[in-house]
Amino acid sequence: MDKIITISREYGAGGHSIGQQVAKELGIPFYDRDILKETVKTSGFDPDMVEHDQEDVSATNFFLKSICSFSDASFSDTQNAIHDVQKAVILHFAKEGPCVIVGRCADYALADFPNVVNVFLHADMQDRVVRIARRHDLTDAKAKDLIVKTDKRRASYYNYYTSKKWGDAAGYDLSLNTATLGIDGTIHMIREFMAYKEREHEKI
């Protein structure tokens, strides 16, 4: 069975590292910022414009207004165009074969695609604060503020472009607390779930 795993994540829950390691252990491609690069290449849009669209509806709108004199409708059309190209890129990667895709509403983009496992990774705030403070050399207070703002942007982007609610466990196959399981434990749980899905598929 082809293995396609999408990972949505709270900021600081270790989603990138976990997705990258899962892909490595399964021997399949890992896509994160590659999606941004391919979106720029395919669309011809300015890289900064596409960068601002990554999981942030409000930032893209502000950025477009700062560099263009279009109408509000044009802001929305351009933003939606970027999202549509990004969705097409995700579908292209998925059609190429098994892979792990992080963020960018990939679970929704691949809703009608077979053999997709959707994972949401979350963690206790303090655990995330420690990780982000260490990564960016921030105080705990600034790290927490960055986490709250980033999660808010991700939720806004996801809720805007899908019919689902970001982080709602009912919308995912697995919802895992990386603070409780640890990075290695989370990777193990995802791999075990994929193995279970493989066994169930073979019974059909």
Side-chain angles (χ1 to χ4, degrees), residues 1-11 13-16 18-20 22-23 26 28-43 45 50 53-58 60 76-122 150-178 186-187 189-204:
M1 181 181 72
D2 286 345
K3 307 176 185 70
I4 296 178
I5 304 170
T6 74
I7 295 180
S8 300
R9 71 285 184 228
E10 290 182 335
Y11 187 55
H16 179 90
I18 289 169
Q20 194 171 44
V22 168
L26 292 176
I28 60 180
F30 170 75
Y31 300 116
D32 190 347
R33 292 189 64 82
D34 309 81
I35 297 171
L36 182 153
K37 294 176 184 176
E38 192 63 28
T39 298
V40 169
K41 178 181 175 182
T42 302
S43 68
F45 284 121
V50 177
D53 182 66
Q54 300 301 298
E55 302 180 329
D56 192 346
V57 174
S58 60
T60 309
S76 179
D77 289 346
T78 303
Q79 186 174 315
N80 290 337
I82 293 172
H83 176 75
D84 288 345
V85 173
Q86 181 174 267
K87 180 178 179 181
V89 168
I90 290 170
L91 286 166
H92 171 73
F93 284 147
K95 289 176 181 177
E96 286 190 329
C99 58
V100 175
I101 302 175
V102 172
R104 298 166 179 87
C105 303
D107 59 320
Y108 193 74
L110 300 176
D112 297 323
F113 210 86
N115 304 324
V116 177
V117 171
N118 300 313
V119 180
F120 186 81
L121 302 179
H122 57 98
T150 302
D151 280 352
K152 184 177 180 179
R153 290 198 301 268
R154 288 180 176 177
S156 176
Y157 183 91
Y158 185 88
N159 297 344
Y160 181 82
Y161 280 114
T162 78
S163 60
K164 299 163 62 179
K165 183 178 180 181
W166 185 77
D168 184 354
Y172 305 90
D173 299 297
L174 284 177
S175 182
L176 303 173
N177 187 329
T178 63
T186 302
I187 293 169
M189 286 291 290
I190 294 172
R191 291 205 58 183
E192 283 294 301
F193 187 76
M194 294 305 298
Y196 164 77
K197 296 287 286 185
E198 184 83 33
R199 291 193 296 271
E200 290 301 302
H201 179 75
E202 291 175 352
K203 293 178 182 178
I204 299 175

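Positions are given from 1 along the sequence.
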[X] and [Y]: which non-hydrogen atoms are nearest, and at how many Å?
X      : Y      : value
Ala106 : Ile101 : CB-CG2, 3.6 Å
Thr39  : Gln86  : OG1-CA, 3.6 Å
Ile7   : Leu121 : CG2-CD1, 3.7 Å
Ile18  : Ala13  : CD1-O, 4.0 Å
Arg104 : Asp32  : NH1-OD1, 2.6 Å
Leu174 : Met189 : CD1-O, 4.4 Å

When rounded to the nearest 0.5 angstrom, what is the spacing between [atom1] in [X] and [atom2] in [Y]?
X      : Y      : atom1 : atom2 : value
Lys37  : Asp34  : NZ    : CG    : 6.0 Å
Ile90  : Cys105 : CD1   : SG    : 7.5 Å
Ser156 : Tyr161 : OG    : OH    : 10.0 Å
Ile190 : Lys3   : CD1   : NZ    : 14.0 Å
Leu110 : Ile5   : CG    : CD1   : 12.5 Å
Ile4   : Tyr31  : CD1   : OH    : 10.0 Å

Open item on the list: I want to know whether Tyr172 and His122 have ring centres closer than 6.0 Å.
Closed with: no
Task: Phe120/Trp166 aromatic ring centres below 6.0 Å - done: yes
Task: Arg154 (side chain) donor-acceptor with Arg9 (main chain) under 3.5 angstrom - done: yes
Task: Side chain Asp173, main chain Asn118, donor-acceptor under 3.5 Å - done: yes
- [ ] Check step by step if side-chain contact (heavy atoms from CB on, under 4.5 Å) holds for Phe93 and Glu38.
- [x] CA-CA 10 Å; Phe93 284 147; Glu38 192 63 28; 4.3 Å; yes
Task: Any donor-acceptor N or O pair under 3.5 Å, side chains Tyr158, Lys164 - done: yes
- [ ] Could you label the plane-to-plane angle of the His16 and Phe30 rings as parallel, tilted or perpendicular, counting under 30° as parallel and over 60° as perpendicular?
- [x] perpendicular
Open item on the list: I'd like to check Pro29 versus Val100 (side-chain heavy atoms, cut-off strictly below 4.5 Å). Are they in contact?
Closed with: no
Open item on the list: Is the shortest side-chain heavy-atom distance between Thr6 and Val116 below 4.5 Å?
Closed with: yes
